[in-house]
Every structure is written in C-alpha cells, then in structure tokens.
Student: 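Supplied in structure tokens, the structure appears directly below.
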Amino acid sequence: MSKQKEKSSSLKNTLYALKTVHQCAPLLITSFILVQTAHWFFTGFIQEILFLKLLLQLIEDGGSFEQYAFLVLLFAGAGLLAKGTDCLTDYFVCTRIKHFYKNLNDRIFQKAVKVDMACYENPEFYDKYKRATEIVTNEHFSEFCYNFANVFAGGITGIFLVIYVVSIDPRLLLILLFSIAVVIAGAIKGKLDVKKDKEMTPHKRSKEYVKRTVFLKDFAKDIRTSGIYDVMHNRFKTAVEQNRAIIRRYGVKMMLLELVGGFFGRALPVVSAYGYAAYRFVVKRNLAVSDFSVIMTAVSNLKDVLNDLSEAISCLRKESEYFGNLREFMDYEPKVIGGNKEAEDFESLEFKDVHFTYPGAKKPSLKGLSFRIEKGETIAVVGKNGAGKTTFVKLLLRFYNPDKGVILYNGTDIREYNIDSLRKRLATVFQDYKVFALTVNENVLCRETESGYDLITVDGALKSAGIYERIMSLPEQKETVFTREFDEKGTGLSGGEQQKLCAARMFAKQFDLALLDEPSSALDPIAEYKMYESLIKATKDKTVIYISHRLSSAVLSDKIYVFEGGRVSECGTHEQLMADGKGYCEMFTLQASSYKDTEGSVN
C-alpha cells in the first residue's frame with residue numbers, strides 16, 4: 001500500500017471511529033476532550049507558565065500584597081473551575097461508556113448473524129471479526145477516545161506554549177523545531193505497531209482457541225483421557241513463539257525510533273534552549289528573571305507536551321486501525337441476499353440440476369442434484385457420508401447459493417423470496433444440535449416467554465418430542481436453566497434428551513415443511529424408531545423430510561431418495577428399492593444384520 005493510501009486509510013478510520021462513537025454515545029468524545037483539555041491547558045499553561053510569569057513580574061515590579069492575594073485567588077478560582085469541569089465530564093464519561101458498549105455490541109451481534117455461512121469457513125473473515133470485536137473486549141474504544149482527546153488538548157496547549165515562548169524570543173522557534181522529530185518518530189513507530197498487531201492476530205486467535213478449549217466442558221473428557229492435551233499445548237507454545245519472533249523483528253526498529261526521537265525530540269531541544277536562555281541572561285544580560293524562569297519552564301513543558309502528543313498520535317493511529325477492522329466487518333455485504341416476495345403456504349419443492357462446491361473445497365458436494373417433493377409427503381433422504389444430504393438443506397435454507405441450477409419453492413426460484421419469510425415456512429432440526437444456557441421455555445420457543453399461550457405451546461412441543469415427563473421431573477421444571485455456568489440450580493441432559501429438546505423447537509413453530517437432519521443421531525435404534533413414529537404422528541398433514549444414515553426411518557416414509565456422489569441415484573418406496581436390489585437394498589440389509597448381531601451378542 002502506498003504512503004498516500006495509508007494516510008487516506010488512517011484518516012478514514014479515524015473519521016469512521018468518531019462517527020461510530022457519536023452514533024453509539026453522543027457527546028462522549030466531547031466529554032473526553034473537555035476532561036483532557038481542562039487538565040492539559042490548566043496545568044501546562046495557566047498554572048506553570050501564565051501564573052508563574054505574572055507572579056514573578058509582580059515581584060520584580062514591587063507589587064502590593066493585595067495584588068498578590070488577588071492573583072492567588074484568581075488562580076485558585078481557575079483551578080476550581082478546571083477541576084469542576086474535570087469531575088463533571090469525567091462522571092458523564094463513565095455513564096456514557098456503558099451506553100457505548102451496549103450499542104456497539106448490539107451492532108456487531110446484528111451484523112454477525114447476517115453474514116454468509118461461507119464466512120465461517122474463511123480464516124480471513126475470522127481474523128477481521130476477531131480484530132473488530134477487540135474494540136469492545138480489549139478497551140481499544142476508550143483508548144481511542146482518550147488519545148484523540150489528548151491530541152486535541154495537547155495541540156491547543158502546545159500552540160499556546162509556542163506562541164508564548166516565541167513572543168519572548170523568536171529565535172527559540174528554531175530550537176523548538178527539533179522537537180518535531182519526536183512526533184515523526186512516534187508516527188512511524190505507530191505504523192510499525194499496527195503492522196505488528198496484524199501479523200500477530202492469527203497466532204493470538206490460535207492461542208485463544210487453546211485457552212478456550214481447555215476450559216470447555218464439551219472437551220473435558222477427551223482432554224483427560226487422551227494425549228490431545230500435549231498437541232494443544234504444543235499448538236499454544238508455537239503460537240507464543242511465533243508472536244515473540246514478530247515482536248523481536250519489530251522491536252529493534254521501534255527501539256531505534258525511540259532513541260532518535262528521544263535525542264532529537266527531548267534532549268537536544270531542552271539543552272539548546274537552556275543554553276541559549278542562560279547566554280542571554282548571564283552574558284548578554286538582556287533577559288529578565290521572569291522571562292528566564294518562564295522560558296525554562298515553558299520549554300520543559302513543551303517538550304513534555306510534544307512527547308505526550310507524539311505518543312497520543314501513535315496510539316491514535318493504532319487504535320483507529322481497530323475501528324478500520326470494524327468498518328471492514330460492518331461494511332461486508334452478504335452474497336446470499338433475498339428478494340421481495342413473501343413465501344406462501346408450501347405446495348412443492350424442486351431441485352433442478354443443482355451443483356455446489358463449498359468455498360475452498362476441491363470437490364463439489366452436489367453434482368446435478370434433481371428431485372421434487374409435493375405437499376403432504378413424508379420423504380426420507382439417505383446415503384453415505386459426503387453424499388450431499390446436509391448440503392441440500394443448507395442450500396434450501398439460503399445459507400449458500402448454488403453454483404449452478406435452480407431451487408424452486410412453489411415453482412418460484414427461492415432467490416426471489418425474502419429470506420426470513422422463507423425460513424419461517426421451514427422447521428429444522430440439525431444433527432449438530434445446540435442447547436443454550438437458557439431456560440427450557442426459552443430453548444423451545446427460541447425467544448422469551450410472553451404469555452400463557454406460550455407455556456401451552458411449550459407443553460405440546462415437549463410432549464410431541466417425547467421429553468415432557470423428563471422436563472417436568474426437574475426441580476424447576478420448564479424454568480430450569482441448562483448448565484450451571486450461570487445458575488447453580490441449572491442442570492444437564494443426556495445427548496438423546498438434548499436432541500429431543502431441540503426437536504421440540506420444531507413442534508413449537510408454525511411450519512409448512514419440516515427438515516430433520518439426523519434428528520436422532522444421539523438415540524439408539526429402538527428409541528430412534530419410536531421417535532420417528534411420534535414425529536410422523538405429530539406432523540400429520542405436514543410435509544417432512546428426514547435425513548439419516550440409519551435406514552429404519554425410511555420404512556415409515558412415503559418416498560425415499562438415495563443420495564450418492566451429490567445426486568439422486570435411487571428413488572422409490574422401501575418395498576420398491578428393496579425389490580430393485582441396488583445400493584439401498586445393500587445398505588438396509590447390512591444395517592439390519594448389524595442390529596440382529598448386536599441383539600444376539602446382548603442376549
């Protein structure tokens with residue numbers, strides 16, 4: 001990236017950050033500026049320069065005690081005003097910061113649930129998302145506001161100091177020009193710091209994954225009963241070493257910049273100014289004691305202001321980059337977009353020559369998939385792993401767009417429908433089901449309980465899923481919170497019970513078409529068969545698509561589609577496919593014999 005583009009990008013990021021802060025918490029930046037300006041300007045100029053000059057001049061001129069007392073009272077009043085402004089704005093800042101975090105988190109959450117599913121398989125997206133969320137997790141926001149206010153306050157204070165010093169002797173301006181070196185060195189240092197952080201992000205993410213995994217309940221048994229911990233620990237150490245190597249690579253350059261800035265920006269200006277002022281005071285004797293003292297103090301203060309200003313500019317550039325990451329994330333436009341048409345009651349579904357390859361994958365998952373489903377049918381989709389069974393569900397739910405072909409809902413391309421309206425017509429139960437650390441009611445309804453009718457709905461859904469009695473046996477019944485992470489009265493369920501609870505979500509929803517992707521993977525064959533019987537009874541007059549490796553559910557279906565190599569290889573009823581003696585017949589026979597063998601070994 002060229003220097004001009006980098007400057008433009010840095011400016012855009014800063015402006016975006018100011019805009020974001022203002023939108024999430026109006027007047028917050030202004031409050032930061034008032035706090036810092038009151039501190040910097042009062043301390044660095046009024047107290048240590050202006051008051052000192054007036055006091056010394058009063059002494060030189062032989063002023064009266066009344067004049068001295070008035071000056072002290074005036075100074076005390078200015079001090080109280082500055083402190084009062086500081087306290088009031090500081091209190092306002094504390095209250096508005098929480099408001100900012102809430103609003104920005106809401107924005108990030110809302111964006112995260114709208115990005116394409118393909119983003120979750122893209123490491124670059126995760127890096128951007130990680131850097132974007134660091135604004136609210138690592139205090140980058142408050143650092144940006146603090147440093148922006150420091151730049152503003154330092155700039156105002158520095159201007160007054162320079163004007164005052166030059167008014168005493170314009171030649172001092174030439175000496176003060178050396179101080180610009182510290183600002184330049186700080187800007188270059190900030191640029192290197194940003195590059196360093198970007199290179200470290202993937203390794204930080206790797207470290208955090210290991211730290212997070214070690215503490216998660218889902219991984220606890222595997223970590224303790226296998227050698228995987230050593231692998232994870234080595235991954236952690238590798239990430240640490242890689243980040244240390246990055247720090248070492250940039251550290252030498254940043255140290256040299258610090259030395260250059262320290263010499264030309266701090267030591268040289270002060271020594272030169274002191275020497276010149278001493279020459280005029282001692283040798284030329286054309287400098288008053290008050291001016292001599294003020295020059296010493298002003299140059300020292302200006303040196304400190306420029307040092308702090310340089311540091312603030314460097315940090316501001318760095319922090320604005322995090323807002324740049326947020327801007328990239330928030331500006332992301334989903335590739336999967338819907339139309340304006342509202343999905344109506346389900347009548348038919350058709351896949352016509354659909355092809356699809358996952359982002360980054362070498363082999364396609366669907367290769368000319370074609371089939372049609374009519375209203376009221378109970379369909380079983382079976383096949384080996386990788387045959388494309390789950391993929392077609394993801395395409396139907398608009399998680400991805402097909403590479404080729406068309407998917408028709410009621411004879412209309414699903415891309416013409418509003419995505420939310422289409423998904424509301426569908427009820428889904430996935431094989432990688434998730435139970436959230438919420439109450440039973442909230443897990444089933446997927447929202448907060450609002451009325452007595454909601455409770456009746458939950459009861460019916462739990463009964464249809466075959467888990468009502470188990471839930472009602474819990475101490476808090478439907479108000480039981482899952483896991484003890486947030487509630488000591490919380491509880492856990494077995495894998496099969498959790499899967500039934502997730503199935504209850506489907507029954508609590510008004511739907512036209514049910515998509516059950518391995519909804520019984522955590523159940524034994526007998527429990528699975530009973531569950532399918534219950535599902536078929538509960539979904540009478542509904543259209544249902546079962547996806548399963550196990551073929552016991554296929555017997556209960558009106559029609560069976562056998563997926564192989566990303567397309568339909570067989571289609572028909574259980575009896576027809578068994579009579580054909582092809583792939584389905586072989587799979588069913590093999591599974592049936594394994595069940596018999598298992599029963600025999602048990603007996």
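Bear in mind that the values here come from a model prediction, so they are computed numbers and not experimental data.
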Student: Taking the side chain from Lys367 and the backbone from Gly566, do they hold a donor-acceptor pair closer than 3.5 Å?
Tutor: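 Side chain of Lys367 to backbone of Gly566, a donor-acceptor pair under 3.5 Å: no, none is there.
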
Student: Would you say Leu366 and Pro402 make side-chain contact, with heavy atoms under 4.5 Å?
Tutor: no

Student: To the nearest 0.5 Å, tell me how far Leu397 CG sits from Leu422 CG.
Tutor: 7.5 Å

Student: Is the count of non-hydrogen atoms from other residues, nucleotides or ligands lying under 6.0 Å from Arg107 atom CZ greater than 12?
Tutor: yes

Student: Locate the shortest heavy-atom distance separating Arg567 from Gly368; write the atom from each residue and the value.
Tutor: CB-O, 4.1 Å

Student: Considering only heavy atoms from C-beta outward, does the side chain of Leu316 approach that of Phe144 to under 4.5 Å?
Tutor: yes

Student: Taking side chain as C-beta onward, heavy atoms only, is Phe152 less than 4.5 Å from Gln36?
Tutor: no

Student: For atom CZ of Phe160, is the number of surrounding heavy atoms from other residues, nucleotides or ligands below 6.0 Å larger than 12?
Tutor: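 No, CZ of Phe160 has 12 or fewer neighbouring heavy atoms, counting only those of other groups under 6.0 Å.
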
Student: For atom OH of Tyr146, decide whether the heavy atoms of other residues, nucleotides or ligands shown that lie under 6.0 angstrom number more than 12.
Tutor: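 No - once you tally the heavy atoms of other residues, nucleotides and ligands closer than 6.0 Å, there are 12 at most.
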
Student: Could you state the interatomic distance from CZ (Phe399) to CZ (Arg423), rounded to the nearest 0.5 Å?
Tutor: 5.5 Å

Student: Should we count CD of Gln242 as having more than 12 external heavy atoms under 6.0 Å?
Tutor: yes

Student: Judged by modelled atom types alone, do Asn13 and Arg327 share a side-chain donor-acceptor pair under 3.5 Å?
Tutor: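 Distance-only check passes for Asn13 and Arg327.
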
Student: To the closest 0.5 Å, what do you measure between CG (Leu369) and CG (Leu395)?
Tutor: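 Between Leu369 CG and Leu395 CG, I get 8.5 Å after rounding to 0.5 Å.
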
Student: Between Asn401 and Arg398, which heavy-atom pair has the shortest distance, and what is it?
Tutor: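 Nearest heavy atoms, Asn401 then Arg398: OD1-NH2, 2.7 Å.
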
Student: Side-chain contact, heavy-atom cut-off 4.5 Å: Phe100 with Val21?
Tutor: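 Yes, at least one pair of side-chain atoms sits under 4.5 Å.
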
Student: Measuring from atom NZ of Lys362 to atom OG1 of Thr357, what distance do you get when rounded to the nearest 0.5 angstrom?
Tutor: 13.0 Å

Student: What pair of heavy atoms forms the shortest contact from Cys145 to Ile29, and how long is it?
Tutor: SG-CD1, 3.7 Å

Student: For atom CD1 of Ile247, decide whether the heavy atoms of other residues, nucleotides or ligands shown that lie under 6.0 angstrom number more than 12.
Tutor: yes

Student: So how far is it from Thr30 OG1 to His22 NE2, rounded to the nearest 0.5 Å?
Tutor: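 Spacing of OG1 (Thr30) from NE2 (His22) equals 8.5 Å.
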
Student: May I ask you to test the Ile246-Arg249 pair for a side-chain heavy-atom distance under 4.5 Å?
Tutor: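 The answer is yes, as the side chains (C-beta and beyond) meet within the 4.5 Å cut-off.
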
Student: Has Lys389 got a side-chain atom pairing as donor or acceptor with Lys384's backbone, closer than 3.5 angstrom?
Tutor: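 It does hold such a pair.
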
Student: Return the minimal non-hydrogen interatomic distance between Thr391 and Ser365, and the atom names on each side.
Tutor: OG1-CB, 3.8 Å

Student: What I'd like to find out is whether the side chain of Ile33 reaches to under 4.5 Å of the side chain of Phe148, using heavy atoms alone.
Tutor: yes

Student: Ring centres of Tyr358 and Tyr400 under 6.0 Å apart?
Tutor: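 Yes.
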
Student: Rounded to the nearest 0.5 Å, what's the gap from NE2 on His355 to CG on Asp403? Could you check?
Tutor: 9.0 Å

Student: Taking everything shown except Lys335 itself, do over 12 heavy atoms lie less than 6.0 Å from its NZ?
Tutor: yes

Student: So, do Tyr332 and Asp116 sit near enough that their side-chain heavy atoms are less than 4.5 Å apart?
Tutor: yes

Student: Between Ala312 and Val151, which heavy-atom pair has the shortest distance, and what is it?
Tutor: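 Nearest pair, atom of Ala312 first, then Val151: CB-CG2, 3.8 Å.
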
Student: Can you check whether Val381 reaches Phe563 side chain to side chain, under 4.5 Å on heavy atoms?
Tutor: yes

